Amino acid sequence: MNYLTKICGAAVMALSVLGVSAATAGTIEDIRSRGVLRIPAILNEVPYFNKDQRTGEWQGFVIDMANDIAKTLDVKLEVVESSWANAILDVQSGKVDMAFAVTATPVRAMSVSFSDPTYYNSFILVSANEELDGKTWKELNDPKYTFAVDLGSAQDLITQQYLPQANILRFKTRDEAIVAVSTGKADALVNTMLNGLVIAKKTTALGTVKVPTPVLSTPSVIAVNYGGDETFKSFVSAWAEYNRRIGNNQTWILKSLEPFGITLTDMPVGFGFGG
């Protein structure tokens, strides 16, 4: 009996230790003691992320932002290869400390905490169909139009809210959605401004970026674990707010767009990184 009591006592102690560990996960002290700040990154997601297959080096404006936070904390940056679908799960599980370029939605807010906005993005169309020029979202909400979108994305949510009457083709990947537009199966691709500008530059036959009105602007935030303490969450929000307001985040974004020949003058009227 005494032996069983000892085993039970040890189990309780182990659970207690695990509980303390989980409760303190996501603190500045954790990151500094570990010596690295961990973030998820996605392959071939320019201008957000891009991995040089020759050197293994990650680039993109998210990497620049994360490096600045790591420098502020006096630690190194560790990049964990992931996907848009898994990035939130990586934050929830503690596999990473934070995830960038997250669109703040009510559904996601039930899974992770959000920082203040790092920048604002807008939803657009990429199309060669001149009939779509100058259209409102209300005018586009018509069964005569077919739009392509990647399933489960923020732009997919926008089509559900603003284009419920239109014909929507949903694909597992953005590349599949692009093919649908380039082959004439869809009139336009629905996406975000930053992705749309790069897509239009890389695939000129796809058409140009069109901004339906009213301009739908959404905050891009940093997702952190609910278990993170308030000091850590406040630090991340303060970093986001400070760098957005003084223009550092815009500078990093524009730097990542330079290889595609995209400058601030290419941004459509009504769009602003600061919201």
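This one's a predicted model, so the numbers in the text were calculated from it and none came from an experiment.
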Self-check item: Min side-chain heavy-atom separation Val179-Phe171 under 4.5 Å
Solution: no
Quiz prompt | ring-ring contact (aromatic ring centres under 6.0 Å, His included) partners of residues 53-82, not counting sequence neighbours, each pair once | solution = Tyr48-Phe61, Phe61-Tyr119
Exercise. For the pair Met98 and Phe232, evaluate side chain to side chain contact (heavy atoms under 4.5 Å, CB included) and give the outcome as yes or no after the intermediate values.
Key: CA-CA 11 Å; Met98 59 183 67; Phe232 178 62; 3.7 Å; yes
Quiz item: Are more than 12 heavy atoms from other residues, nucleotides or ligands located less than 6.0 Å from atom OH of Tyr226?
Solution: yes
Exercise. Show your reasoning for whether side chain to side chain contact (heavy atoms under 4.5 Å, CB included) applies to Asp97 and Arg34.
Key: CA-CA 11 Å; Asp97 300 300; Arg34 193 191 313 125; 2.9 Å; yes
Practice problem: Scan residues 167-193 for pairs that pass salt bridge (Lys or Arg N to Asp or Glu O under 4.0 Å), counting only residues two or more places apart or in two chains. | Solution: Glu45-Arg174, Asp156-Arg170
If you look only at distance, which donor and acceptor atoms sit under 3.5 Å apart when one is on a side chain in residues 198-216 and the other is two or more places apart or in another chain?
from	atom 1	to	atom 2	distance (Å)
Thr208	OG1	Lys210	NZ	3.4
Lys210	NZ	Asp133	OD1	2.5

Practice problem: Give the cluster check for Leu89 versus Trp84: same hydrophobic cluster or not, with ILVMFWY residues linked at side-chain heavy-atom distances below 4.5 Å. | Solution: no
Quiz item: Partners of Ser234 by side chain to side chain donor-acceptor pair (under 3.5 Å), sequence neighbours excluded?
Solution: none
Quiz item: Is any side-chain heavy atom of Ile39 less than 4.5 Å from a side-chain heavy atom of Val80?
Solution: no
Practice problem: Check Lys144 against Glu131 and note the closest heavy-atom contact, atom names and distance. | Solution: NZ-OE2, 3.8 Å
Quiz prompt | salt bridge (Lys or Arg N to Asp or Glu O under 4.0 Å) against Arg245, all qualifying residues, sequence neighbours excluded | solution = Glu241
Just list the side-chain donor-acceptor pairs under 3.5 Å for residues 249-256, sequence neighbours left out, or say none.
from	atom 1	to	atom 2	distance (Å)
Asn249	ND2	Thr118	O	2.7
Thr251	OG1	Gly247	O	3.0
Ser256	OG	Ile253	O	2.6

Self-check item: Non-hydrogen side-chain atoms of Met267 and Leu197 separated by less than 4.5 Å
Solution: yes
Quiz item: Please walk me through it: do Ile63 and Phe49 pass side chain to side chain contact (heavy atoms under 4.5 Å, CB included)?
Solution: CA-CA 7 Å; Ile63 302 301; Phe49 311 96; 4.1 Å; yes
Quiz item: Can you name the side chain to side chain donor-acceptor pair (under 3.5 Å) partners of Ser111, sequence neighbours left out?
Solution: none
Practice problem: For a side-chain contact (heavy atoms from CB on, under 4.5 Å) with Gln165, tell me which candidate from Leu140, Asp142, Asn141 qualifies. | Solution: Asn141
Self-check item: Residue pairs fulfilling salt bridge (Lys or Arg N to Asp or Glu O under 4.0 Å) with at least one residue in residues 67-90, sequence neighbours excluded
Solution: Lys51-Glu81
Exercise. Output, in order, the C-alpha distance, side-chain angles, deciding distance and verdict of side chain to side chain contact (heavy atoms under 4.5 Å, CB included) for Phe123 and Tyr162.
Key: CA-CA 11 Å; Phe123 293 99; Tyr162 287 89; over 6 Å; no
Quiz item: Gln155 and side chain to side chain donor-acceptor pair (under 3.5 Å): which partner among Asn195, Asp150, Thr192?
Solution: Asp150
Quiz prompt | Taking every non-hydrogen atom, the tightest pair across Gly261 and Asp266 | solution = O-OD2, 3.5 Å
Quiz item: Could you give the distance from CD1 (Ile88) to OG (Ser93), rounded to the nearest 0.5 Å?
Solution: 11.0 Å
Practice problem: Grab the two heavy atoms, one from Leu189 and one from Val181, that are nearest each other, plus how far apart they are. | Solution: N-CG2, 3.5 Å
Quiz item: Would a 4.5 Å heavy-atom cut-off, applied to side chains only, mark Trp239 and Ile222 as touching?
Solution: yes
Quiz item: Would a hydrophobic clustering, with Ile, Leu, Val, Met, Phe, Trp and Tyr connected at side-chain separations under 4.5 Å, put Val62 with Tyr242?
Solution: no
Quiz item: Any ring-ring contact (aromatic ring centres under 6.0 Å, His included) pairs touching residues 93-116, not counting sequence neighbours?
Solution: none
Quiz item: So do Ile168 and Val149 actually touch side chain to side chain, heavy atoms under 4.5 Å?
Solution: yes
Quiz item: For Thr265, which residues count as a side chain to side chain donor-acceptor pair (under 3.5 Å) partner, sequence neighbours excluded?
Solution: Thr263
Self-check item: Residue pair Asn167 / Pro143: nearest heavy atoms and the distance that separates them
Solution: CB-O, 4.4 Å
Practice problem: Please examine the side chains of Val126 and Asn191, heavy atoms only from C-beta on, and report whether any two atoms are closer than 4.5 Å. | Solution: no
Self-check item: Set of side chain to side chain donor-acceptor pair (under 3.5 Å) partners for Thr218, sequence neighbours left out
Solution: none
Exercise. Taking the side chain as every heavy atom from C-beta outward, state whether Phe273 and Met193 have any pair of such atoms under 4.5 Å apart.
Key: no
Quiz item: Taking C-beta and beyond as the side chain, do Ile28 and Asp229 meet within less than 4.5 Å on heavy atoms?
Solution: no
Practice problem: Flag yes if more than 12 heavy atoms outside Lys95 fall under 6.0 Å of its NZ atom; otherwise flag no. | Solution: no
Self-check item: Which atom of Ala188 lies closest to which atom of Leu125, heavy atoms considered
Solution: CB-CB, 4.2 Å
Exercise. Starting from Val36, walk the hydrophobic network (Ile, Leu, Val, Met, Phe, Trp, Tyr; side-chain heavy atoms closer than 4.5 Å) and list everyone else you reach, by chain and number.
Key: none
Practice problem: Return the minimal non-hydrogen interatomic distance between Ala87 and Ser82, and the atom names on each side. | Solution: N-OG, 3.7 Å
